[in-house]
Amino acid sequence: MEKSKAGTALPPNTDLFPLPVFHHARLLSGYNSFLMKCLIGLLLPLWIAACTPAPPPPDTLVIAVETGPATLDPRIATDAASVNVCRLIYAPLFRRDAQMRLVPQLAEKLEMKDPLTYVITLRRGLRFHTGAPLTAEDARYSLLSIVDEKSASPMKTSLGEVADVETPDPLTLVVRLKKPFAPFEAGLTFGIVPHGAGKELARNPVGAGPFRFVSYEPGDRLTLARNPDYMYGAPRLAGIVLKIVPDETVRLLELKKHNVHLVMNPITPAVLPWLGAQNGLVVKDGAGVNVSYLGFNMRDPALKNPLVRRAIAHAIDRRAIAARLLKGLADPTETLIAPPNPYHAEGLSQYPYSPETARRLLDEAGYPDPGGGRPRLTLTFKTSKNPTRRTQAEVFAENLARAGIALQIKSMEWGAFFSDIKGGNFQMYSLTWVGIADPDILHFIFHSSSIPPAGANRGGYANPALDRLLEEGRSASDEMARKRIYGEVQRLLAEELPFVTLWTGRNVAAMDVRLKGFVIYPDESLDSLATAWLEKGE
Amino acid sequence: MKLKAGLSLLAFFGALAAAAPLFAPYNPYAQDLLCSLDAPTAAHPMGLDLLGRDILSRVIYGARVSFAAGFAVIAVNGLIGILIGGVAAVWGGRMDVLLMRVVDVAQAFPGILLAIAVMAVLGPGFGNLLIALCLTGWAGFARLTRGQLLSLREREYVTAAVAAGAGKWRILTRHLLPNAAAPLLVEAAFGLASVIVAEAGLSFLGLGVQPPAPSWGSMLNEGRAFLLIAPRLTVFPGLCLMLLALAVTLVGEALRDRLDVKRR
C-alpha cells in the first residue's frame with residue numbers, strides 16, 4: 001500500500017522500477033529544479049523503506065515460492081504448494097522418507113489381522129498445537145472425513161472402501177474394509193486433524209506437525225513458528241516464512257541478495273550454473289517422482305494405431321532434450337513408476353531415438369511419404385502458455401518433422417487447455433504426473449472405468465487385459481504378488497504406449513550455504529526442515 | 001528531421017520484413033540443441049537462443065509479424081471507423097446518435113483486456129489475434145471522421161454540391177473524405193504504433209503467433225527466464241520493438257506537424 005502511495009507522488013513519467021539506486025540517479029539527472037530535488041529527497045527514503053520488508057528474526061528460514069497454498073486443510077489440498085505446507089503443519093500416521101519408504105509418524109505400528117482388518121496403534125503422549133491430546137478418536141475422524149461420500153478429498157480413493165472404524169481405546173484404531181485393498185497402508189499418509197474440524201481449518205489450521213501456523217496473507221507471505229512440543233523434538237529453526245514471489249528472476253535475485261534462504265523447483269536449468277557461482281549460494285539436485293509424458297487421444301483414427309504411437313516414441317530425442325535443454329536435470333524413463341519407486345520394473349520396451357525406425361513404422365501403419373516435402377501425417381499438439389512447455393513443444397515439432405509428421409502447436413491459456421484435455425478434446429499433449437507413489441495410480445490413469453469424469457484416463461484408453469491386471473493389483477495382498485502384477489502392467493503399457501513417458505524431472509534447490517541439514521525429497525516434501533538449521537554468521 | 005529519421009527507420013524495418021529470407025543469415029526455425037544459448041560470435045552476431053536458433057534471423061522474421069499485424073489491423077480499423085463515422089456525420093439525426101453511442105461503448109472497453117478475453121474464447125493464433133485487435137480499435141477512427149466531417153459539412157463547396165443535386169454518398173466520398181484524409185492519416189500512424197505494441201504484448205502473453213514462428217513479443221517471453229544469464233535474448237527483440245514503435249510515432253508526429261494547419 002505504502003509503496004503505491006509513494007509511487008504516485010513521483011514525477012508522472014517514471015515508473016516503479018525495482019532498482020532504486022539506478023532510478024535515483026536517472027531522476028536526478030533529468031530534473032534540475034530545486035523543488036523536484038527536494039520532493040525526491042523527501043520521498044525516496046520513504047519509498048525505499050516501503051520496498052524493503054522488515055528483516056525476519058534470525059533462525060527463521062525464508063523460502064521464496066511461486067504461489068501460495070490454496071488451502072491449509074490437508075484433506076482437500078491438491079496443489080503442490082498446499083500439500084507441502086500442510087505436511088509441515090500436520091502430522092500423518094505414516095509418512096514417506098527421502099527414499100520414498102513408508103515410515104511411522106504418529107503411528108507406532110500397523111498390523112493386518114486379515115486382508116480386511118487393519119489395527120493401528122498410536123504413539124503415546126501426542127498433542128496438537130493447541131495442547132489438546134491427539135487420540136485415536138481424532139485419527140478416526142480424519143479418516144472418515146476423507147472417505148466420506150460428500151468429501152471432496154483427492155485421497156478419497158486411496159484408502160479403498162472403508163466399512164467402519166473403531167477406537168477400542170485412545171491409542172488404537174481398527175479399520176475394516178469392504179474389499180481387500182492392498183495399497184491401504186500407503187493411503188495412511190494424510191495429515192491428522194482435530195476431531196470435529198470443519199471448513200474453518202483451511203484458514204486456521206491446527207495440527208501436530210513440526211511447525212504451527214502463525215499467519216497467512218495470500219499473495220504475500222505465510223508464516224510458521226516451531227512447535228516446541230513436537231513429538232520428535234522441537235525444530236532448530238525458530239520459524240519458516242514462505243514469501244510469495246511469482247516471478248522466477250525476482251526469486252533468484254532475492255536469493256542472491258540473501259533476502260531468502262531457499263528456492264526450489266521450478267528453476268530454469270540453464271540458470272543453475274550462474275546461481276551456483278554466486279557467493280554464499282549452493283545448488284543441489286535429487287531424483288524426483290514427477291514424470292513428464294506425451295498423451296495421445298485413442299479416439300483419433302491415426303493415434304489409435306499403436307504403430308503410430310511407437311513411431312512417435314522413436315522420433316523424439318529424449319536424451320538430447322534431457323541433456324541439452326534440461327541440462328541433465330531430467331532422467332529419461334520408460335515408465336510412470338520411475339526409480340527409486342520399489343515397484344519400478346526393469347527390462348521394458350525401449351524406444352531409442354531413430355527417425356528411420358519412425359518412418360518405417362509409419363510406412364507399416366499406412367502413412368507413406370507423399371513426396372514433395374509434404375508431411376505423412378499432421379497432428380495438433382496442445383500445450384499451456386508456460387514458456388518451458390512451449391519450448392519443449394517446439395523441439396517435439398522439430399523432432400517429429402524428421403520422421404515426416406507435421407506437429408502444429410496450439411499454446412493455450414491454462415484453464416482452457418486443461419479443460420480441453422479433461423474433455424478429451426485433443427490429439428496430443430504433454431503434461432507431468434506429480435507425486436506418483438503407489439502404483440495403484442495407474443488404475444486412475446489407464447483403467448477403462450477411469451475415463452473422465454470418473455478418473456484421469458483422458459485419452460480414452462481401454463484394454464481388457466490391462467483392466468484385469470489393475471484390478472488384481474488392488475486385491476493382491478502380498479508384496480511379491482503386487483510387484484509381479486505391476487511389473488506386468490508396466491510392460492504392457494510400455495508396449496502399447498497410451499503415453500510416451502519422457503523423463504522424471506530432477507528436483508533442484510538453490511540455497512544459502514548457511515542452511516544445513518536440508519534434504520531434497522523425491523516428492524518435493526519439505527519434511528527435513530523439522531531438523532534443518534541456519535548456521536550463524538555471514 | 002523527424003520525418004526523415006522516422007521514415008528511414010521504418011523503411012529499414014520494412015525492408016527487413018519484406019525481404020526477410022534475403023536478410024536472415026540462417027533458417028529461423030533450424031534448431032541445434034548442442035549450441036543452446038551460445039554467446040554472440042561473428043557468425044551469429046546476436047547469439048543463439050535456448051534451442052540453438054539464430055536470434056538475428058528470428059528477429060528479422062519477427063519484423064514480418066509486427067508489420068503484418070500493424071498494417072492489417074489499421075487497414076480494417078480505418079475502413080470500419082471511416083465508414084461508421086462518415087455515415088453518422090452525413091446522415092445525422094437518430095443514425096448519428098445511435099452510431100455514436102456504439103462508438104462510446106466500444107471506446108469504453110479496455111482494448112487489451114477485451115482482446116485477451118476474446119482470444120480465450122476463439123483460441124490462440126495469428127488470425128484470431130487480428131480479430132481481437134479489430135474489435136474496438138475502429139472507434140477512434142469513427143469519432144475522428146465524424147468530427148472532421150461535421151465541420152467540413154458546413155463549407156461552401158459542400159453546400160454547392162448539395163445545390164447541384166449530389167447524393168449523400170457522392171458528397172461523402174468525393175467532397176468530404178478527401179478533405180479529412182490528413183488527420184486520419186495521422187491517426188493511422190499513431191494507431192499503427194499502438195497496434196504493433198499490442199500485438200507484441202499479446203504474443204508475450206502467448207496468445208499471438210504460435211510457436212515455433214518467431215514474433216518479438218513471444219521472443220521476449222521466451223527469453224524472460226534467461227534475463228540473468230543471457231539478457232541478449234530479450235534485449236534485441238525489445239530494442240527492435242522499441243525502434244519500430246518509435247519510427248512509426250516519429251512519422252505520425254511529422255505528418256501531424258506538416259498537415260495540421262492549426263498547429264503550423
Side-chain angles (χ1 to χ4, degrees), chain A residues 247-253 255-256 266-278 317-327 380-399 401-402 407-417 419-420 425 510, chain B residues 27-39 47-53 58 115-129 132 201-215 217-234:
Chain A
D247 187 77
E248 183 188 331
T249 305
V250 179
R251 278 199 298 280
L252 299 183
L253 283 173
L255 183 68
K256 184 181 178 235
I267 304 176
T268 304
V271 184
L272 291 173
W274 175 87
L275 211 51
Q278 301 303 312
D317 194 354
R318 294 183 295 161
R319 273 164 217 288
I321 299 173
R324 311 277 168 214
L325 196 60
L326 304 171
K327 311 289 172 195
T380 304
F381 181 89
K382 287 191 175 171
T383 180
S384 70
K385 293 186 313 190
N386 175 314
T388 315
R389 294 248 177 242
R390 279 166 64 114
T391 321
Q392 279 170 22
E394 290 177 271
V395 183
F396 297 152
E398 196 261 0
N399 283 177
R402 288 170 198 265
L407 195 66
Q408 282 170 350
I409 302 168
K410 258 191 125 169
S411 130
M412 308 163 67
E413 204 274 315
W414 170 260
F417 165 66
S419 104
D420 269 7
N425 178 20
Chain B
N27 175 354
Y29 299 101
Q31 300 176 4
D32 185 355
L33 292 184
L34 284 172
C35 310
S36 173
L37 295 176
D38 275 5
L48 299 160
D49 73 0
L50 182 65
L51 301 183
R53 297 174 297 199
R58 288 183 72 74
I116 292 173
V118 169
M119 298 295 288
V121 176
L122 296 178
F126 191 58
N128 291 344
L129 178 113
L202 290 174
S203 291
F204 179 82
L205 296 175
L207 295 167
V209 290
Q210 291 298 289
S215 126
S218 56
M219 289 174 78
L220 283 175
N221 189 24
E222 281 161 22
R224 204 165 47 118
F226 307 97
L227 270 176
L228 295 172
I229 52 163
R232 59 182 178 278
L233 263 64
T234 39

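Below, all heavy atoms of this structure are taken into account, side chains as well, without hydrogens, waters or symmetry copies. Note on naming: letters A, B, ... go to the chains in the order of the sequence lines (proteins, then strands), and numbering restarts at 1 for each one. Predicted model only: the values in this text are computed from it and were never measured.
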Practice task
To the nearest 0.5 angstrom, please state how far the CG atom of Asn399(A) sits from the CD atom of Gln31(B).
Solution key: 7.5 Å

Exercise for the section: Using modelled atom types only, decide if a donor and an acceptor are shared between the side chain of Lys385(A) and the backbone of Leu205(B) within a distance under 3.5 Å. Expected result: yes

Problem - Where Val271(A) and Ala225(B) come nearest, the two heavy atoms and their spacing - result: CG2-O, 3.5 Å

Handout entry: Leu33(B) portion near chain A, given a 4.5 angstrom heavy-atom threshold
Key = both

Exercise for the section: Measure distances from Ser411(A) to the heavy atoms of chain B and classify the residue's part below 4.5 Å as side chain, backbone, both or neither. Expected result: both

Problem - Under 4.5 Å from a heavy atom of chain B, the part of Lys327(A) involved - result: side chain

Exercise for the section: Sort Ala270(A) into side chain, backbone, both or neither according to what part of it lies under 4.5 angstrom from a heavy atom of chain B. Expected result: both

Completion exercise
Ranking Leu227(B), Asn221(B), Val121(B) by heavy-atom pairs under 4.5 Å to chain A gives rank one to Asn221(B)

Problem - Exercise: identify the closest heavy-atom pair between Ser218(B) and Arg390(A) - result: CB-NH2, 3.8 Å

Handout entry: Atom pair CG (Leu50(B)) and OG1 (Thr391(A)), whose distance is rounded to the nearest 0.5 Å
Key = 6.0 Å

Practice task
Let me know if Asn386(A) has heavy atoms under 4.5 Å from chain B in its side chain, its backbone, both or neither.
Solution key: neither

Problem - Atom pair CE (Met412(A)) and CE (Met119(B)), whose distance is rounded to the nearest 0.5 Å - result: 11.0 Å

Fill in the blank from the handout: Nearest heavy-atom approach of Glu394(A) to Arg53(B) is OE2-NH1, 2.6 Å

Problem - Backbone N/O of Leu51(B) and side chain of Glu398(A): donor-acceptor pair under 3.5 Å - result: no

Handout entry: Minimal non-hydrogen separation, Asp247(A) against Arg224(B), with atom names
Key = OD1-NH1, 3.5 Å

Handout entry: Side chain / backbone / both / neither for Ile116(B) at chain A, heavy atoms under 4.5 Å
Key = neither

Problem - Gap separating the CG atom of Leu228(B) from the CG atom of Leu275(A), nearest 0.5 angstrom - result: 8.0 Å

